Amino acid sequence: MSTALRTQSDKRLSHLADIEAIDYYFACQFAEVTDATPFYLLVALSWHLRQGHTCLSLADIAGKRLFDDAEQNCEGVQFDDLTTLVKAARELSEQFGEPQQLIYHRGKLYTARYWQFELTVAEGVVSRTRQRAFSDDDYDRLHQVWPQLFPTMPMLEQDWQQVATACALTRDFAVINGGPGTGKTYTVARLLLALQAASDKPLTIKLAAPTGKAAQRLTESVSNSLHAISGDSIEGIKQRIVTEASTLHRLLGMRPFSIKPKHHTDNLIHCDVLIIDEASMVDLALMTRVFRALPASTSVYLVGDANQLPSVESGNVLEALTPDDDSHDLKVTDALAKHVHRLCPHLPGIAVDEHSLTTVFPLKVSQRYSGKLAEVAVAMRDGDSDRVLNLLTRTSEPVPGLMELEDVVLMPVQQGNGLRKLIKDSFAALSQANSPASALEAMNHCRWLTPVRNGEGGVNTLNEEIERVLQPNRMAGNNGHYIGRPIMVLENDYTQRLFNGDTGVIWPDDSQQLKAWFYDRHGELRAVSLSRLPAVQTVYAMTIHKSQGSEFRNVVMWLPPAQGKAASMVTRELIYTGLTRAKKGCVILAASERVSAVIQTRAVRHSGLAERIDEKWAGA
Ligand SMILES: Nc1ncnc2c1ncn2[C@@H]1O[C@H](COP(=O)(O)OP(=O)(O)OP(=O)(O)O)[C@@H](O)[C@H]1O
């Protein structure tokens, strides 16, 4: 950027907080700076895209003052009423016609890029939702395997896993949505077997997830689930199921430093079925690439928890596909209800709604958790802060045995001795480890999670504080490495087969050389020389964002006090994601008012995807 331009933008932006030069230049492409309404509308659109929205909802900004900040001496912009904004947005959309770069549609302003992404994903979903008819032979084949997949005794309570499997079988697109431990992978393994059983040819199945870690977990849990299913009629089918999952980037053939993947509309991925796990982490652009790279005949099943944090990049695909109240009673068309009844006559009937277009099949019962953790998670998911606070066990300072707990404990942010005790308790297993394998196992015993990277209660400060307590005599040098240092890789290194987010531990090898130890994809322990290690950081504590897709026995979640705009960054979805990383117990370090306020703060992502899907359905 030339100095003259920078000065110009600085001047125009000086009264706007949070606005960057990119917002200014985006707006300048289409509007004169002097045309206040369209210009600031476009600045707001660019800012919203940077916050993860896929469009600008005019109703959301109409009549409001935005980008103001008294501390920074920024007065911000007062936006006009809705009618004036709609008029300006329409004019922009008409003016920047073919090829359209700005699109106004039903109260929202889009860039062509995100508008096209939404159209592509909507098309990919709707074109796959017609109910597939099953022949008598298909039902015969499914009836043979069903008793090996699921219990077939008459049941009084609904078995949502069977319902989800039976429903998903009939269509080429479905979402299996459920909270932690509700048996999503258990259900996916059975869906794969049922799909293969119903098919008269061997199916090509691909499993994928948005991160390497999630792909590794999917591989392990699908193979464990398949291993546990046995029976004469199932063995042959099991042989045909692949269990190796890859990242979506690898599946698409994304190349470093290139935005064009190997697979796209003209070079499709050949598969009959694609399962995408941890779908809440998939952003709109990535989901678009996936649909573009798939033949129309490929069945796509998304698996995830729509209540978790949205993807880092723009768009919240899973949430847009999922009804607001996902604990809703599932209602399906008469034809689908009849299909489920024919396959599962032992289950209670499902409510019928002839207009139901649902593609989302919920799993509602936690199979892994019981007790407090599950109860708090449900109350938190439902936004019931009073119930959450009633359920939490309160203590003012760390008590013995805190790290063996199977409970959710609320404790004020600790200082001094209290903090030292909590740190020592949290990492006792790691301190007692006597080999790289036991240290790696101990790293899963407890992880500290925090919403922020910097400042008070941020990852960096917490890791430094924890190191001071656990390693008081640590010598400088060795690049900060010491025996038992838990590390997280910060970048992909294909030659070392290490990927962003991989965790390992520093430990000496047989010749007393310090090495970094990791488990590879096959569960084999391997050592990497420190000189070949890509960038890493200490990982006693990590951000909640980074923890997505991981699980620990215990979680200590630190919610630093926040004021002003920073407070709205910590949302219900964020702490729900943090809490549900714990398998047994969670300690929340915060004041109760802060917990309550966070539960009331939602991670809103404006998107038109649900509307695009409805429009496609209406026109289908
Ligand atoms: N119907 C069931 N009967 C018995 N055990 C089950 C059932 N469903 C799930 N499980 C067990 O419960 C545990 C959690 O299941 P699973 O891993 O499939 O859940 P998930 O929803 O995929 O979990 P996550 O939140 O980790 O993604 C597993 O040990 C699984 O074998």
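Order of appearance sets the numbers: ligands from 1, and atoms from 1 within every ligand. All figures in this text were calculated on a predicted structure; none of them were measured in a lab.
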*Asks:* Taking the inter-plane angle between the rings of Phe427 and Tyr540 on a 0 to 90° scale, is it parallel (under 30°), tilted (30 to 60°) or perpendicular (over 60°)?
*Replies:* perpendicular
*Asks:* Do you know the tightest heavy-atom contact between Met557 and Ile575?
*Replies:* CE-O, 3.6 Å
*Asks:* Judging by distance only, is a nitrogen or oxygen of Pro180 under 3.5 angstrom from one on ligand 1?
*Replies:* no
*Asks:* Only distances under 3.5 Å count here; give the side-chain donor-acceptor pairs of residues 283-291 to other protein atoms, sequence neighbours excluded, each with its distance to 0.1 Å.
*Replies:*
unit_1, atom_1, unit_2, atom_2, d
Asp283, OD1, Ala285, N, 3.1
Asp283, OD1, Leu286, N, 3.0
Thr288, OG1, Leu284, O, 2.7
Arg289, NH2, Ile259, O, 3.2

*Asks:* Take every heavy atom of Glu551, measure it against each atom of ligand 1, and state whether any distance is under 4.0 Å.
*Replies:* yes
*Asks:* Does Ser221 have a non-hydrogen atom less than 4.0 Å from ligand 1?
*Replies:* no
*Asks:* For the rings on His445 and Phe552, is their centre-to-centre separation under 6.0 Å?
*Replies:* no
*Asks:* When you compare ligand 1 with Tyr186, is there at least one nitrogen or oxygen pair between them that comes in under 3.5 angstrom?
*Replies:* yes
